[in-house]
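Step one of this worksheet: look at the structure below.
Naming convention: chains lettered A, B, ... in sequence-line order (proteins, then strands); numbering from 1 in each chain.
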2 protein chains.
Amino acid sequence: MGIAERKEREKEDMRKLILNAARKLFLEQGYEKTSIRGIADAIEYSPATIYLYYKDKNELLFALHEDAFLKMMQELGQVRSIHDPFARLLEMGHQYIKYAIENPELYDLMFIMKAPMEALACREEIWEDGLKAFGFLKEVITECVNAGYFKNKNIEISALTIWSYMHGLVSIYLKNRMTMFQDGQELQGMQQSFVLFTSMLRESL
Amino acid sequence: MGIAERKEREKEDMRKLILNAARKLFLEQGYEKTSIRGIADAIEYSPATIYLYYKDKNELLFALHEDAFLKMMQELGQVRSIHDPFARLLEMGHQYIKYAIENPELYDLMFIMKAPMEALACREEIWEDGLKAFGFLKEVITECVNAGYFKNKNIEISALTIWSYMHGLVSIYLKNRMTMFQDGQELQGMQQSFVLFTSMLRESL
DNA sequence: CAAATATACTGAACAGTGTTTAGTGAGCAA
DNA sequence: TTGCTCACTAAACACTGTTCAGTATATTTG
């Protein structure tokens, strides 16, 4: 009686088909300009079919949300090879900026858009992704404290403070508010600010 | 020949009528859920009429963008009465957080939404508002440097660094990403982070 | 004052959106 | 082979921003 299993597999394949098309269009043309009809066209199904596999557009967004965190964790995870915890923290910062700049739509989805947070799954599931990433930051900070780099012992608050700075910096850039620099100087300005911030961390956190 | 003047006045009145209705609805129900038709209903005119006074929805948004900066500058301007520049900077931080929390839709419009930046007026005009506010921050920082509080002499970078932190902190809160705290503890967490950041500033910027 | 014109406004349409529902048709179970 | 389940879709609903032809009123001109 392998029919049920095959149907289950086909259902999962269809979900993937939809999600892959959604991701492709989403990354190509941004969230706002990606319509259910567009996704349906891409996979050569009717728009109504999509609703048999995903409750609504927000749920589709939520699925991509998970993807985005997975990808970021994969890239940030590379820093594990760096022994010194403070050097690792710095490299995490660089990778964070790199990820945000290279994946502006994903970054938006992860940390700025309200839509995925409104998917009803948000009771617990959606927090997990963000909390896991935040936990990784806390781990590194804890090691920094243990190694004597930071004097502040409230890891939660230290992590929020560092993340706030990083998120603010890349948000200002991604949302085109870095008008204090002339065109082309934004990245250099970010770099200088990052150096300043890390020197503050080194000296007094 | 006061007819032309009267017509000019009436035209200006109509622009205000539209903008006031737009602001009201916008603040009541957010940008996304405010439609041109809704605004038209509120002022008892046809939707097409609005297009005789504003080019499109983005231009309407842009007009509110100016308002929002005016309001923020008014509230931040109160700190001028504080003599000590570092104390003034701290109070500016408090006021910034207060403004963001009390006016989440306006904050979004000012620093997060891409739409108003796409109004064609953005060549120069739209930058002015933001740059003026950034200039105010730079002034205070310059005074801090002159008073011997900060050692870093690159005001532009110092200002970007401080703003980045502030913007990140309130953005994380406004966009419901402060899930590391349990409900009701977010404001307290922000406060603690702000204290930590300012102590970092005091010791080493 | 009457005719011509300029202006303010609108109804209706266009092209799109997310979403729902009634119904079709192919594959499976009896 | 019949009956039924279930994947799928066409069409509709209720919206959205925006445009345009046409109307009705106010103003200017002859």
Query raised in the report: Whole-Å distance between C:dT17 C1' and A:Leu60 CG?
Result: 15 Å

Query raised in the report: Judged by atom type as modelled, is there a donor-acceptor pair below 3.5 Å linking the side chain of A:Arg80 to the main-chain atoms of A:Gln78?
Result: no

**Report entry** d(CD1, B:Ile36; C1', C:dT10) in whole Å
**Finding:** 16 Å

Query raised in the report: Do the ring centers of A:Tyr173 and A:Tyr107 come within less than 6.0 Å of each other?
Result: no

**Report entry** Whether A:His65 and A:Phe62 hold their rings parallel, tilted or perpendicular, with breakpoints at 30° and 60°
**Finding:** parallel

Query raised in the report: Between B:Phe150 and B:Phe86, how do the two ring planes meet: parallel, tilted or perpendicular, split at 30° and 60°?
Result: perpendicular

Requested in this report: May I ask you to decide if the ring planes of B:Phe26 and B:Tyr31 are parallel, tilted or perpendicular, using 30° and 60° as cut-offs?
Outcome: perpendicular

Query raised in the report: Which of residues 40-50 of chain B sit near DNA chain C, with a heavy atom under 4.0 Å from it?
Result: B:Tyr45, B:Ser46, B:Ala48, B:Thr49

Query raised in the report: Which whole-number value in Å describes the distance from A:Tyr51 OH to C:dA22 C1'?
Result: 18 Å

Show me the protein contacts with nucleotides 13-15 of chain C, counting only N or O atoms at under 3.5 Å.
| from | atom 1 | to | atom 2 | distance (Å) |
| --- | --- | --- | --- | --- |
| C:dA13 | N6 | B:Arg37 | NH2 | 3.4 |

Query raised in the report: Charged N to carboxylate O below 4.0 Å: is that the case for A:Glu12 and A:Lys16?
Result: no

Query - side chain to side chain contact (heavy atoms under 4.5 Å, CB included) partner of B:Ile97, the single match among B:Met166, B:Glu102, B:Met92 - result: B:Met166

Query - Check: B:Ser158 side chain, B:Asn154 main-chain N or O, donor-acceptor pair, under 3.5 Å - result: yes

Query raised in the report: Atom CD of A:Glu10 to atom P of C:dC28: distance rounded to whole Å?
Result: 9 Å

Query raised in the report: Could A:Lys33 and A:Glu28 be called an ion pair, given the rule that one side-chain N must be under 4.0 Å from one carboxylate O?
Result: no

Query raised in the report: How far apart are the C-alpha atoms of B:Glu143 and B:Arg88, what are their side-chain angles, what is the distance that settles it, and do they pass the salt bridge (charged side-chain N to carboxylate O under 4.0 Å, His left out) test?
Result: CA-CA 10 Å; B:Glu143 287 190 54; B:Arg88 203 187 314 150; 3.1 Å; yes

Query raised in the report: Are A:Phe111 and A:Trp163 close enough that their ring centers fall under 6.0 Å?
Result: yes

**Report entry** Check: A:Tyr165 ring centre within less than 6.0 Å of B:His167 ring centre
**Finding:** no

Query raised in the report: A:Lys11 side chain N/O closer than 4.0 Å to the phosphate oxygens (OP1, OP2) of D:dA7?
Result: yes

Query raised in the report: Whole Å only: how far is the CE atom of B:Met14 from the C1' atom of C:dT7?
Result: 13 Å

Query raised in the report: For B:Glu32 and C:dG18, what is the distance between atoms CD and P respectively, to the nearest whole Å?
Result: 12 Å

Requested in this report: Using a cut-off of strictly less than 4.0 Å, decide whether B:Tyr53 has a side-chain nitrogen or oxygen near OP1 or OP2 of C:dC9.
Outcome: yes

Query raised in the report: What's the closest nucleotide to the A:Ser35 side chain, out of D:dC8, D:dG17, C:dT17?
Result: C:dT17

Requested in this report: Rounded to the nearest angstrom, tell me the gap between atom CG in B:Leu52 and atom P in D:dC20.
Outcome: 13 Å

Query raised in the report: Checking all strands, does B:Lys33 fall into the base, sugar-phosphate, or nothing category for heavy-atom contacts under 4.0 angstrom?
Result: nothing

Report summary line: Bend of the helix from C:dC1-D:dG30 to C:dA30-D:dT1 from end-axis comparison, five pairs per end, nearest 10°, comes to 30°

**Report entry** Gap between atoms CG and P, on A:Leu17 and D:dA7 respectively (whole Å)
**Finding:** 16 Å

